[in-house]
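Side chains included, hydrogens not; waters and symmetry mates left out as well; all remaining heavy atoms used. Predicted model, so just to flag it, every value in this text is computed and none were measured.
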Amino acid sequence: MLGCNKPGQIASQDSATFDPDGTAHLTRVVPMPSTVSPEAQKWLASLAQLKYGPQTLEQRRKSTDEWRARDSAEARRLYPVNVEEATIAGVRADIITPLATPEQNRGRVLINLHGGGFNSDSGSLIEGVPISNLAKIKVVSVYYRLAPENPFPAAVDDVVALYKDLLKTYKPRAIGICGTSAGATLTAEVAVRPKQLDLPLPGGLGMFSVHPDFTRPTDSQELFALNGFPGALQPLDPNRPPDSEYAVGTDRKDPVLSPLFADLKGMPPSLLVTSTRDLLLSDTAMFHLALLRAGDDAQLLVFEALPHAFWYHFELPETKEALEMMAKFFDEKLGR
């Protein structure tokens with residue numbers, strides 16, 4: 001159990017007991033961190049006031065669509081770009097372009113794969129618009145097929161088909177792939193497929209809060225909910241795979257589904273981003289370590305005290321910093 005004291009309240013007493021198998025029962029008072037911006041402190045405080053409860057898939061998609069529309073409009077206000085709808089290799093996408101593209105960037109393109117737990121779209125424009133504006137690069141934001149109607153490998157197949165089409169126009173090293181959460185996981189999954197299909201690898205990967213192992217829960221998944229400390233959190237059995245409508249019917253150690261088990265040697269340069277209250281903090285750190293063990297060029301950014309995918313929240317200075325670092329990475333790696 002993790003508790004959070006009220007503003008101005010002094011922490012009283014912590015406790016911890018342990019079962020013979022090492023299972024911990026914790027009571028902790030966690031003060032508001034002084035190590036993040038005032039804007040982040042305000043946002044963290046607001047998360048505790050939200051109502052949390054189970055949702056049907058229909059309710060989840062409806063609520064996600066509502067705030068996605070609002071936040072997409074905010075992204076376009078803060079980071080002006082051009083957006084056009086398109087279909088590439090039979091896959092629906094948005095083509096996002098800067099208002100002015102530098103000559104040296106005309107041969108570069110970034111594929112963006114949105115988050116949303118593989119069953120909704122939480123950020124196609126929220127993610128793609130700022131990167132296009134900041135990196136001054138074309139972004140193809142992909143509306144891949146969703147579970148449970150289309151479980152693995154449908155989304156992978158969609159993105160690979162689109163990637164193969166882009167290879168007709170762009171050099172592989174000038175193509176990047178990135179995404180947040182489910183989109184980060186899909187980025188890793190898609191990056192494994194070229195080796196199997198004898199295709200050239202892309203020039204860079206951005207995996208922003210990635211889940212590379214569907215076989216078991218990780219430590220951070222046992223500690224944090226989607227919004228960090230607030231929200232319902234049910235203990236997961238460490239000895240069995242968590243339920244997943246995306247992974248249903250697939251061997252959980254399939255190296256594409258769970259890239260942690262893939263041959264990672266020779267993977268493209270990668271940027272991984274997470275934060276210390278991210279439910280996928282452990283997952284992202286473990287995958288970074290796996291890439292380093294394989295001898296790959298992999299960078300890991302860990303932001304302080306913020307929950308999952310905080311970079312969706314444009315009011316935070318930390319978001320501005322994270323987005324600028326993401327854009328800088330692709331500017332330095334693509335086509336090099």
Salt bridge present between [X] and [Y] (N-O < 4.0 angstrom):
X      : Y      : answer
Glu324 : Lys320 : yes
Glu66  : Arg70  : no
Arg68  : Asp121 : yes

Checklist entry - What is the minimum heavy-atom distance between Asn82 and Leu99, and which atoms define it? => result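 Looking at all heavy atoms of both residues, the shortest contact is OD1-CD2, 3.6 Å.
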Within the distance-only criterion (no hydrogens, no angle test), does the side chain of [X] pair as donor or acceptor with the backbone N or O of [Y] below 3.5 angstrom?
X      : Y      : value
Arg145 : Ala155 : no
Arg28  : Ser15  : yes
Ser220 : Ser282 : yes
His288 : Ala298 : yes

Can you label the angle between the [X] ring and the [Y] ring as parallel, tilted or perpendicular, going by 30° and 60°?
X      : Y      : answer
His114 : Tyr144 : parallel
Phe208 : Phe330 : perpendicular
Trp43  : His313 : tilted

Next on the checklist: With no hydrogens and no angle check, just 3.5 Å: does a side-chain donor-acceptor pair link Ser122 and Tyr312?
Outcome noted: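 Yes, a side-chain donor-acceptor pair sits under 3.5 Å.
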Checklist entry - Passes salt bridge (charged side-chain N to carboxylate O under 4.0 Å, His left out), Asp165 versus Lys168? Steps please. => result CA-CA 6 Å; Asp165 192 272; Lys168 299 173 184 177; 3.6 Å; yes
Checklist entry - After noting the C-alpha distance and the side-chain angles of Lys333 and Asp297, does the key distance pass the salt bridge (charged side-chain N to carboxylate O under 4.0 Å, His left out) rule? => result CA-CA 11 Å; Lys333 298 298 183 181; Asp297 173 5; 2.9 Å; yes
Checklist entry - Yes or no on side-chain contact (heavy atoms from CB on, under 4.5 Å) for Gln299 and Leu272, after CA distance, side-chain angles and deciding distance? => result CA-CA 6 Å; Gln299 304 174 34; Leu272 298 91; over 6 Å; no
